[in-house]
Amino acid sequence: MFIRKKRGWELPDRAATPEAIYLSRRALFAAAGAGALAAVARPSPAHALFNSLFGSSEGLGETLDTSADPTADLYPFPRNDTFTISRALTDETVTGSYNNFYEFGSHKQIWQAAQALKTRPWTVTLDGMVEEEKTVDIDDLIRAMPLEERLYRHRCVEAWSMTIPWSGFPMKALVDYAKPLGSAKYVRMETFMDPKVASGQNQSWYPWPYVEGVTMAEATNELAFLVTGVYGKPAPKQFGAPLRLALPWKYGFKSAKSLVRFTFTDKRPVSFWEDIAANEYGFWANVNPEVPHPRWSQAQERVLGTDETVPTQIYNGYGAYVADLYADKTGEKLFM
Ligand code: MTE
């Protein structure tokens, strides 16, 4: 049984979860790293522990099977080896069962609830300061984009991290496709809105839909990646299918899921968490071990799927790609 506040992910797990459960979960994820959880259908001590903590893991494997997706024939995408990682990939049974997706609940085990999301038909609208506004079918969009796989680190503001093989296309390709006007300074992104399937969206204290934003320079940086798949296949729903963002140098909350709209604008977007608590979550949200969250340190991170805690790196280790973007941003709160 978890003790939850309304906005649970603002707290590190240590603070949001009774210590005993936290420690058990660490043991569980360590077991998962060793492959025990990969066999979730087989009764095992880890399986029993998972069930007693989070409810049944029955059916997790089915949610990870996306072979019926209309774009499944395109996978796996060729890997772009520019983006290498020094850590082991996190097991899919961990990344697929420990998610933040508040539309489906303010806890980590939303993988079952997220299956209610209907990801076809799905359209993406490109509007605002563009030559011509358009709405495109997701499958047509995916088939028009330069597809590749990248291995990225993923660092949540809650001080945990994962390493994930994302499939997708550079965000720059979408920007080029949208043909923004020279006056556009930001891209505002919006997640779907459907309280009938996403019960969290009935919680009126949240400013739905989930909104995020980046500058044009960030959107066209080579690291900014739009994700359609994981582990060499279309993304399961809990990962933010059919289209989500991955900005590996920023805290994970910037990487909005299940996107339906990209609006090019000259006004800085106010994002979901910034709207809720601007004193704790800002627009930039770049990873920095030396700038603590107001309520916890960012110096270290728990590597999910292992028993390790490692030092956090500035820009999550991606400074060579992005530090220049911020050289002239004096006076901005770049790390919250
Ligand atoms: N996008 C939407 N639409 N809703 C969310 O609640 N959570 C964010 C981000 N994108 C969130 C979202 C947070 S806080 C994190 S850490 C990442 O998604 C988690 O991605 P993951 O579940 O694939 O690890």
Side-chain angles (χ1 to χ4, degrees), residues 1-2 4 8-9 13 17 21-22 24-73 75-76 89-122 138 154 156 160 162-167 191-192 194-203 227-244 252 257-258 304-305:
M1 171 87 172
F2 290 101
R4 292 287 174 200
W9 77 263
D13 285 1
T17 312
I21 291 184
Y22 167 67
S24 304
R25 181 157 49 186
R26 290 199 65 180
L28 175 69
F29 284 131
L37 205 83
V40 284
R42 210 170 49 209
S44 68
H47 186 209
L49 179 59
F50 187 105
N51 287 348
S52 66
L53 292 176
F54 309 137
S56 174
S57 59
E58 197 79 49
L60 176 62
E62 281 156 40
T63 74
L64 302 177
D65 176 1
T66 54
S67 51
D69 185 282
T71 59
D73 60 294
Y75 291 82
L89 288 178
T90 310
D91 195 284
E92 190 184 5
T93 55
V94 176
T95 55
S97 62
Y98 188 92
N99 303 97
N100 279 326
F101 203 168
Y102 270 62
E103 285 80 348
F104 296 101
S106 53
H107 54 87
K108 298 288 181 283
Q109 284 69 48
I110 54 77
W111 58 270
Q112 265 166 322
Q115 303 316 308
L117 179 63
K118 211 166 155 253
T119 53
R120 295 295 189 289
W122 191 278
I138 187 70
H154 173 49
C156 181
W160 52 259
M162 300 177 175
T163 309
I164 308 184
W166 298 119
S167 303
T191 292
F192 75 91
D194 189 353
K196 287 193 297 304
V197 299
S199 62
Q201 291 183 331
N202 292 305
Q203 296 177 322
V227 168
T228 60
V230 281
Y231 301 93
K233 62 183 182 192
K237 294 176 182 179
Q238 56 268 47
F239 286 87
L243 188 67
R244 72 168 288 174
K257 295 181 168 183
S258 302
L304 297 189

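- In this structure, the separation between CG on L64 and NZ on K233 is 5.0 Å, given to the nearest 0.5 Å.
- The minimum heavy-atom distance between N100 and W160, with the atom names listed, is ND2-CZ2, 3.8 Å.
- Side-chain contact between F192 and Q201 is present, with heavy atoms from C-beta onward closer than 4.5 Å.
- Taken from NZ in K237 to NZ in K118, the straight-line distance is 9.5 Å, to the nearest 0.5 Å.
- Residues Y98 and M162 have side chains in contact (heavy-atom distance under 4.5 Å, counting atoms from C-beta outward).
- S167 and Y75 get closest at one heavy-atom pair: CB-CE2, 3.6 Å.
- Separation of atoms CD1 (I138) and CH2 (W122) is listed at 8.5 Å; rounding is to 0.5 Å.
- In terms of heavy-atom proximity, P236 sits nearest to T63 at CB-O, 3.3 Å.
- By the 4.5 Å heavy-atom criterion applied to side chains, L304 and H154 are not counted as neighbours.
- A pairwise comparison of heavy atoms in S258 and A241 identifies OG-O, 2.7 Å as the closest pair.
- Remark: S67 OG to D73 CG distance equals 12.0 Å, nearest 0.5 Å.
- Of all non-hydrogen atoms in Q238 and K257, the two that sit nearest each other are O-NZ, 2.9 Å.
- Put simply, the side chain of V197 does not reach to within 4.5 Å of the side chain of E103, judged on heavy atoms.
- Of all heavy-atom pairs spanning P234 and A72, the tightest one is CG-CA, 3.8 Å.
- Here the side chains of Y231 and T95 are in contact, with some heavy-atom distance below 4.5 Å.
- Judged purely by atom type and a 3.5 angstrom limit, T90 has no side-chain atom pairing as donor or acceptor with the backbone of I164.
- Among F101, W166, W111, the single residue meeting the side-chain contact (heavy atoms from CB on, under 4.5 Å) criterion with F239 is W166.
- With hydrogens and angles ignored, the 3.5 Å screen pairs no side-chain donor or acceptor of T228 with any backbone N or O of L243.
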